[in-house]
Every structure is written in C-alpha cells, then in structure tokens.
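Each remark here refers to the structure printed beneath this line.
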There are 2 protein chains.
Amino acid sequence: MARGKDGQRGAGRITLTQVAQLAGVSRSAASFALNGRTDLRISEETSERVRRAAEELGYSPNATAKTLRTGKSGTVALVSDFVGTTSVANAMVRGALQTLRDADTLLYTVDTQGDPELESRFLQNLRSRDIDGFLYASMFTRTVAVPALVRGAPFVLLNCVSEGSDATAVVPDEFAAGETAAAALLSAGHRGDIWFVGDFPSGFTGGVEWHGWRPLALSERLEGIEATLAAAGTSLAGRVPIDNDWDIANGRDGVARLLGSGVTPSALICVNDAVAVGAYHALQHAGLRVPDDISVIAFDGSPLTAAVVPTLTSVALPHQELGRLAAQLLVDEVATTAVHRVPMSLSRGASVAAPATTR
Amino acid sequence: MARGKDGQRGAGRITLTQVAQLAGVSRSAASFALNGRTDLRISEETSERVRRAAEELGYSPNATAKTLRTGKSGTVALVSDFVGTTSVANAMVRGALQTLRDADTLLYTVDTQGDPELESRFLQNLRSRDIDGFLYASMFTRTVAVPALVRGAPFVLLNCVSEGSDATAVVPDEFAAGETAAAALLSAGHRGDIWFVGDFPSGFTGGVEWHGWRPLALSERLEGIEATLAAAGTSLAGRVPIDNDWDIANGRDGVARLLGSGVTPSALICVNDAVAVGAYHALQHAGLRVPDDISVIAFDGSPLTAAVVPTLTSVALPHQELGRLAAQLLVDEVATTAVHRVPMSLSRGASVAAPATTR
DNA sequence: CTGAAAGCGCTTACAG
DNA sequence: CTGAAAGCGCTTACAG
C-alpha cells in the first residue's frame, strides 16, 4: 500500500515552520498562537496574523509529531468483540478485517454518524496520522461525493460509488439481484399479478436525490426484475409506493393500501426484508396466507427472514464479501476506477410457492 | 484524561536505545536487526542477541515515532456512517461518540473478533500511539479479564465487569430488569404457571464459565424475577433449558418441548427477544394465541420485537446510555472501581395480557 | 559491523 | 515577543 498520487509526504503537507515564515514570526510564537496559549503574552494582532497564515496555507498540524512530543494523542479507542453480531455493518468490517490481517495491517474504524462536520474532523485526524489507506463505506448502497481528504491517500469505496465514477468501488450486484428475485418467482410458476412493494413516494424517481441520499439499490433492482420478467413475456403488474424509511410499518401500510384497493396479487417483491415483514402482517390481517395465497420475496437476507413464519425468501446482501474484496483491492493497490459488483445469492425460505390459481 | 498510574511516559516504556545498550550494539544495528534488514550484513548471532534483549526488556516499538520518521503508519481506516444502524454494538458506539464529541476527543473503534491474538496486536498498536484511554467493551454482558495493556492507560469497562471487580465498569441493571419483567406479568394478573425460557443446558449454572464466557445477564435476571415473584407470594413454575445460542431455533425447540410435556403455561419469560420469537413460533404451531392464551415477555428490546404479531413486550437494553456513561466516566477520570448499573426500561408491545383463566 | 549524525514535525523551557 | 535549542523515539545514509 504505497502512497497515492496526492499522498506523498512533503509534496504538499504544510508545516508549522511554513506558517511561521508566512506570518513573519518565530516557530515558538506560531505554536503558542495556534494553541491559544497565553504564557508568552502574544498580542492579539500577532495571533490573528498567524491564524490567517495557517488558514491561507491550509495548515493542519501533524498529529504524529504532536503525539510524539506531548505523549497525548487526543484519541480514545473502543476495543470490542462487536463484529460477532449479525449486523450489516459488522459483516463488512469482518470481511475487511480478515483480508487485512493477512496483509499484516490493522483496521481502525471510525463512525461519522453521517455528520459532515464530524467526518471532516475524523478525516483530518486520520490523515495527520499518515494512515496508509481508506475504506470509505456507506451503510446502504448509494452514490457519494468522496471527500478530498480521502482522495489524498489510497482508497476504495465500500458499498458506494463516486459521483463521477472516478474511483475504485465495490458494491453488491443489485441488477443481478433483481434478476434473481424475478427468476425465483417465474420458476415457481408466477407470470402475472407480480407486484413490487417499495417504490419511491410519488414525486421521486430512483435516479434523483432522495432523503438527501442517492440510493442505487432500488432502481437497479427494479431494472433487473423488469428485464427478467420481460424476457419471460410479462412485466410487473404494478409498484406500490411506500414511505421513506423502508421499515415494517411502511410495508404494512403499503400492502394494506394495495389490498384495500381490490387488487389480489399473485406475488410480492419487497424492496427489503423489513418491508416484507410488514407485508406479512398486512396479509395476515387480511386473512391471506404466505405462500399458499400469495408468495413473498425480498432483498437483504437479514436476521428478520428467520423471525417470521414462514421464513422469508430473500436475495442476500454479500456484506462480508464486499468488505473482503474492498480490503483486497486496497492492499493490492489496484488503481483502476472500476466498479466491482459482488453477486447476491438467494437465501431460500418458505415464502415462495406456486401461484394459488394454478393449484 | 490524564495518564493512569501505569501510563506515564518514561516510567516503564522501553526504547530502542535501551535494547541496544543491553545487547551491546549500536542503535543502528539494533534497529536493523529488529526490522530484519540485511543491508548492514549483521551476523545472525548479533541479531539473535538483539532480539533476546528486546524480549527481555519487553520492548515494543513506538509507532508514533516510527510513523513520524517513515511516513507510514501500518494502519488503515474504515470510515463509515454505520452507527445509524439499529444494532447493539452501534448503539453503544453512538452513545460514546456523543459524549466524547463534547470533550473534543475522537473515538477509534477496533474489533478483535474475540480473538486474543488479534486483540493483543491491536492493543500493542494502540498503546504505542499513546492512546489517551480505553473503553473495553463486550458484545454481551459478562465477566472479562482486563488485558494488562488496557490497564496501562485510563480505561472503563463497557458492558462487562472485571474478574476482581477492581475496575470502573458500566453494565445494564439486569437484576432490576428481572424485577421489571416479573412485575409486568404480576400487574397483568399472572400468579402461577409462569415459566422461564432460556436456562442453561443441564450441567451448567449461571455462575460458572459457559461457552468460554461468563455471562451475567441470565443469573441476575433470574434473581430479579424470583425476588419479585417471591415478594408476591409466588415463584417460577419452572425453567426451560435451551441450547447455547439463544436464537430463534433454540426458543422454538425449547417451548415445543415444554408444550409437548403437557404443561400449559400462563406466561413465558424469555431470556432474550430471539428466543421469544422462537416461542411465538412454537405457540402458533400448537394453536395457542399470544397474548390471549399465553403472555410472553422478553429481554433486549431489539428490532425483532416489532417484527412479530403481536409486537413483543421486552425489557430493553440501554446500549446507547451505556456508551454515553462509560465515555463520561473515562473523560472525567473517575478512578473508582465502582460498577455502574444503568436501568433497563420496559418496551411495551402487545404480548402481555391477563391470564386466560381469569377471563 | 560501529558511531555520530540528520531529520520526521512538533512543544516548550530558556536567555535575551 | 525572538531565536536558538532540546527532545519525543525512531530510521537511515554515511564515513570509518
């Protein structure tokens, strides 16, 4: 993992000496001014000049040097065994950890909570420690703007792609996942009356910003579904828009609305497992049985699939493999701008059967 | 966050110079030998002497100095927005992050996967970076042996307690949680035929090692339950032992066995949500309705509670508050050996009702 | 192999 | 305020 194009030391990294020079003061004075120390009784005017110089040069202190000198790093570590959990995030971390372990590299995880200001502080800190590389990851598959600080070191996007498609990225193959879901229904004998549950609320389309984010899964899954249905001479009977969160309540409400409108689907393809669980609830409430009356298939392959009766058939996200591959690409310094798509496999439950009409 | 008793610089930290002295070689030679470089054509015998000296002194290189000199840190960072997920682990991280943010401290997370060798490598690396403090956390509440490397800096145990109770720790109040669960059933009118699902398999007791770990939740929850029932003049009708994993299948099998033995409980207290979901399945299979025929209550307050019909009543783990408090104690340098117990609150679903016999 | 030295970028006590 | 200096712990080119 050598330094990236923009990651060379010295190439651009501003030091305190340079700030002092520009401000026309001693290094000591610059240090005192920047750290807001008053021992030296530096005039406010001088302090201001130093701060402006630092600002102008884009100075950011080297945390490694500071730590070496002071014996304090300003950081705390949380050490845990969390990865054991079956969580989306943890599976990605687990995959990356395995690969990096073989490469004798440790993995620090930081969580920005999706907050740009916190992210920026973390990135500054990490860069100032001469981190060898970044895995820039997203909770759910979407398009991101890669921060300049990340671009300054080798990096691989994990579960997201860059705006200009100008970076190495690893994402699930959502199109193929859509194909897989549709094919599962087709091979069970379904042809018509297949509904998709989880479209954007009206006014939104898959291609635009949504919730401040730009998810990829929805549009690509839909394309895969439609392509496969079209090849079999059919198409979706319709799409049920639901609210933002793609949670259980959204799924229940959406399907209740669908059933209330007099439609009797043969099968439901739900945008994720939680929505499918909500669909179960609405179906049960309407006295419909899964899969006897209606088949249900979803995406994600989360623990929810085992919580319902009958168990839910779902096209599983390959989180661990995403982490593994992204780490491998980082270690291997593969410097393409390719988007690597990892296959999603069908996790078979008992929620898909032959359509009621054929029995 | 000052350095802990054993954390002072210089006090004990061995440097390369000391290794070289003990081995009777130059610092250059020591460096070359330890890094396995051959440029200098150091004899195998000398190398061996250096390695022995390093070993004897317990030398571990200072990563900060090394990074400063070489511009490489040997680490990679995974930057993400994972914390948004509703996962046990992430809630703890989120809580800690919030507190530390106010204290202007960043949080690095490392995951050891429960592997002692990987943990040791991480701890070495973190200590060598002069990390200001540790949150030592466990996935589930248990007794841990705190590594010496952690003790070398200020630290707080998160969701675990130390073997000798000689460290500041933050854990859920499991005893009170047991009381809460029992009280919920009592106030719904249940008196007898209350069964506990999730006892250790026979041969194990709550006090001893289990699965290589020593969980606290089970024994303390049971004590709280029994204490509250006793105060109401009753007691558990029995305990259903289940297999190790405390997952959905374990719960289903355990309850199926119980029902198969001819018992008809009035209420079930399940050791966690997953086991309760399994209980639902077994009850449904037996034609019993929740809560009309049997009430069910559990512990954890996970997303599974919303996935089932009726929604599950559960005593919720206060993960975020655990993280928040632990971070606060770390920042405040509270140097007691106190175990702080955080209350668990009742998350009301629709799975508890009056006993069938009273209606 | 040795030994003295430079240098990574910072903070800080010191004499002026 | 300045300015020269030391020092954190390492790596590494250099002359012997």
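Every chain is numbered from 1 and lettered A, B, ... according to where its sequence line falls, protein lines coming before strand lines.
Checking D:dC10, C:dT2, D:dT11 against every side-chain atom of B:Ala65, the shortest atom distance belongs to D:dC10. When the nucleotides D:dA4, D:dC10, C:dT11 are ranked by their closest atom to the side chain of A:Lys66, C:dT11 comes out on top.
Residue B:Ser31 places at least one side-chain N or O closer than 4.0 Å to OP1 or OP2 of D:dT11.
The distance between atom CG of A:Leu34 and atom C1' of C:dG9, rounded to the nearest whole Å, is 13 Å. Taking atom CG on A:Leu68 and atom C1' on D:dC10, their separation rounds to 8 Å, with Å as the unit. For the pair B:Phe32 CZ and D:dT12 P, the computed distance is 7 Å after rounding to whole Å. Protein atom CG of B:Asn35 is 10 Å distant from nucleotide atom C1' of D:dC10, rounded to whole Å. Atom-to-atom, CZ of B:Arg69 to P of C:dC8 comes out at 8 Å; the value is rounded to the nearest Å. Between B:Asn62 atom CG and D:dT11 atom C1' there is a gap of 13 Å when expressed in whole angstrom units. Taking atom CG of residue B:Leu16 and atom P of nucleotide D:dG7, one finds them 18 Å apart after rounding to whole Å. Regarding B:Lys72, its NZ atom lies at a distance of 14 Å from the C1' atom of C:dC8, rounded to whole Å.
Scanning atom types as modelled, no donor and acceptor separated by under 3.5 angstrom connect the side chain of B:Ser26 and the base of C:dA4.
Side-chain contact of A:Arg94 with A:Asn90: a donor-acceptor pair under 3.5 Å is absent, judged by distance alone.
D:dG16 is paired with C:dC1 under the Watson-Crick or G-U wobble criterion, all donor-acceptor distances under 3.5 Å.
Among the candidates A:Glu56, A:Glu48, A:Glu55, the single residue satisfying the salt bridge (Lys or Arg N to Asp or Glu O under 4.0 Å) test with A:Arg52 is A:Glu48.
Residues B:Thr168 and B:Leu157 fail the side-chain proximity criterion, which asks for heavy atoms closer than 4.5 Å.
Salt-bridge check for A:Arg51 with A:Glu44: passed, with a basic side-chain N closer than 4.0 Å to an acidic carboxylate O.
No engagement by A:Thr64 is indicated, since no non-hydrogen atom pair under 4.0 Å with the nucleic acid exists. Residue-level contact check: A:Thr15 touches the backbone only, with heavy atoms under 4.0 Å from sugar-phosphate atoms and none from bases.
Heavy-atom nearest nucleotides on DNA chain D were determined for A:Glu45 and for A:Arg27, and the one closer to the 5' end corresponds to A:Glu45.
Between A:Tyr108 and B:Tyr108, the ring centre distance stays below 6.0 Å.
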